[in-house]
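One structure is given here, and the rest of the page talks about it.
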Amino acid sequence: MENKSIFIRRIYMDIDRYVDFKEKVVKNVSKAIVGKEKIIELIAISFICGGHVLLEDVPGLGKTLMVKAFAKTVGGSFKRIQFTPDLLPSDLTGVNFYNQKKAEFEFRPGPLFANIILADEINRATPRTQSSLLEAMEEKQVTVDGVTWKLPDPFMVLATQNPVETYGTFPLPEAELDRFFMRIKVGYPTREEEIEIINRNKKRDILEDVESVISLDEVYYLRDNFSEARISREVMDYLLDIVEYTRNSDSILLGVSPRGSIALFKASQVYALFNGRDYVIPEDIKYLAPFVLNHRIISIGSSRTKDIYENINIILENIKVPLEEV
């Protein structure tokens, strides 16, 4: 009986590490950005799952500031890349250059060789440059002149784009969009939040208050153990009902791929642990589905993000939520 009690306490202690991680990240990033606690939590979920995030909305909403604050919070190396039409793939991956002193070629790593990458205005780069990210995002490596180089671990791309402005931009292809774990619409602040934002900007440097509160060893532990969160067959069937609906709906041209169902499964596990549970409930999946699936669906007759979110909400309303007994 005593051993069993110790085992139970150990489980709850491990879950507490996930809860503590979420609270520390949200609190610390919120020193720089106002009213975006849910978005910060979603970014943290993606980070633990080893995924990448596309932050999408009009300029001036604090997307870049949020990414900088998150990178500073979790520690590790950070690089910001401003995407422009003249950016070349080698500007990201690095190049081999001839060292005259050594009389040999050496590899000079590009900015992708960091733990957290901010890809600012990613849709301003040409398709050729965008495609250079595919290997990095999926395989965590880059290939230059036939030689493969491993990227740092952990590795996460946080990209931003303005979905409204199309002049001088190159839409992300479906293959690249599918590499993103989540696509998140930032949204405008409330009136009270905007008052606080204005008052905070009296300071010269908002990021001064943000410090590193997470160690990489802690990240490795959380990332290696979140798969222990349980999911019942009923909840798994609910997840797959959502995915299959997108594939069979007459209003959807392209449904969710298996990569999308895996992403939703992993995100639900981490979200459950962030909320102090070692098991997934249907509400976890219902909450995360719009963020994980919206960029993996092409609706017939419309491509606006708002309409896709509405379609996913309609799907969720039409699928029966199982009653789970844990």
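Source: prediction; values computed, not measured.
Using a 4.5 Å cut-off on side-chain heavy atoms (C-beta onward), Leu288 and Ile45 make contact. Two residues are said to be in side-chain contact when any heavy atoms from C-beta on lie closer than 4.5 Å; Val53 and Leu42 fail this criterion. Within the 4.5 Å cutoff, side-chain heavy atoms of Tyr238 are placed close to those of Lys286. In this structure the side chain of Ile43 never reaches within 4.5 angstrom of the side chain of Met182, judged on heavy atoms. Side-chain contact between Asp14 and Tyr221: present, with at least one pair of heavy atoms (C-beta onward) separated by less than 4.5 Å. Taking 4.5 Å as the limit, some side-chain heavy atom of Phe265 sits within range of a side-chain heavy atom of Gln269. Phe21 is listed as a side-chain neighbour of Glu218, based on a closest heavy-atom distance under 4.5 Å.
Within a 6.0 Å sphere centred on CD of Gln100, heavy atoms belonging to other residues, nucleotides or ligands number 12 at most. Within a 6.0 Å sphere centred on NZ of Lys266, heavy atoms belonging to other residues, nucleotides or ligands number 12 at most. Atom CZ of Arg128 is surrounded by 12 or fewer heavy atoms from other residues, nucleotides or ligands within 6.0 Å.
The heavy-atom pair separating Phe47 from Pro154 by the smallest distance is CZ-CG, 3.9 Å. Between Ala289 and Leu316 the shortest heavy-atom distance is CB-CD2, 4.2 Å.
Other members of the cluster containing Leu112 are Leu54, Ile81, Phe83, Leu87, Leu92, Phe107, Phe113, Ile117, Ile122, Leu133, Met137, Val142, Val144, Val147, Trp149, Leu151, Phe155, Val157, Leu172, Leu177, Phe180, with ILVMFWY side chains joined at under 4.5 Å, either directly or via other members. Apart from Leu88 itself, the hydrophobic cluster it occupies contains nothing, where clustering links Ile, Leu, Val, Met, Phe, Trp and Tyr at side-chain heavy-atom distances under 4.5 Å. Think of Leu216 as one node in a network of Ile, Leu, Val, Met, Phe, Trp and Tyr side chains linked at under 4.5 Å; its network also takes in Tyr220.
Of the inter-residue distances, the one linking Met156 atom CE with Cys49 atom SG reads 9.5 Å to the nearest 0.5 angstrom. Note that the CG atom of Leu222 and the CD1 atom of Ile48 stand 4.5 Å from one another [nearest 0.5 Å]. With values rounded to the nearest 0.5 angstrom, Leu273 atom CG is found 9.5 Å from Asn225 atom CG.
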Check your understanding: What do the steps show when you test Thr84 against Asp86 for side chain to side chain donor-acceptor pair (under 3.5 Å), and what is the final call?
Key -> CA-CA 5 Å; Thr84 56; Asp86 60 349; 2.5 Å; yes
Check your understanding: Hey, mind stepping through Ile312 and Thr246 against side-chain contact (heavy atoms from CB on, under 4.5 Å) and telling me if it holds?
Key -> CA-CA 8 Å; Ile312 293 177; Thr246 67; over 6 Å; no
Exercise for review: Begin from the C-alpha positions of Asp153 and Lys140 and carry the test salt bridge (charged side-chain N to carboxylate O under 4.0 Å, His left out) through to its verdict.
Suggested key: CA-CA 8 Å; Asp153 182 33; Lys140 308 295 193 294; over 6 Å; no
Review point. When you look at Lys63 and Val67, which way does the side-chain contact (heavy atoms from CB on, under 4.5 Å) test go after all the steps?
Key: CA-CA 6 Å; Lys63 299 185 294 295; Val67 174; 5.7 Å; no
Review point. Step by step, would you call Leu207 with Leu65 a side-chain contact (heavy atoms from CB on, under 4.5 Å)?
Key: CA-CA 8 Å; Leu207 290 173; Leu65 179 63; 3.8 Å; yes
Check your understanding: Stepwise, does the side-chain contact (heavy atoms from CB on, under 4.5 Å) test hold for Glu41 with Tyr271?
Key -> CA-CA 9 Å; Glu41 182 181 17; Tyr271 184 70; 3.6 Å; yes
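In this structure Arg259 satisfies the side chain to side chain contact (heavy atoms under 4.5 Å, CB included) test together with Glu138, Asp178, Arg179, Ser257, Arg296, sequence neighbours excluded. Shown here are the side chain to side chain contact (heavy atoms under 4.5 Å, CB included) partners of Gln141, two or more places apart in sequence or in another chain: Glu135, Glu139, Thr148, Lys150. Under the side chain to side chain donor-acceptor pair (under 3.5 Å) criterion, Arg233 pairs with Asp237, not counting sequence neighbours.
Among Val210, Ile40, Ile214, Asp209, the one residue that satisfies the side chain to side chain contact (heavy atoms under 4.5 Å, CB included) test with Asn28 is Val210.
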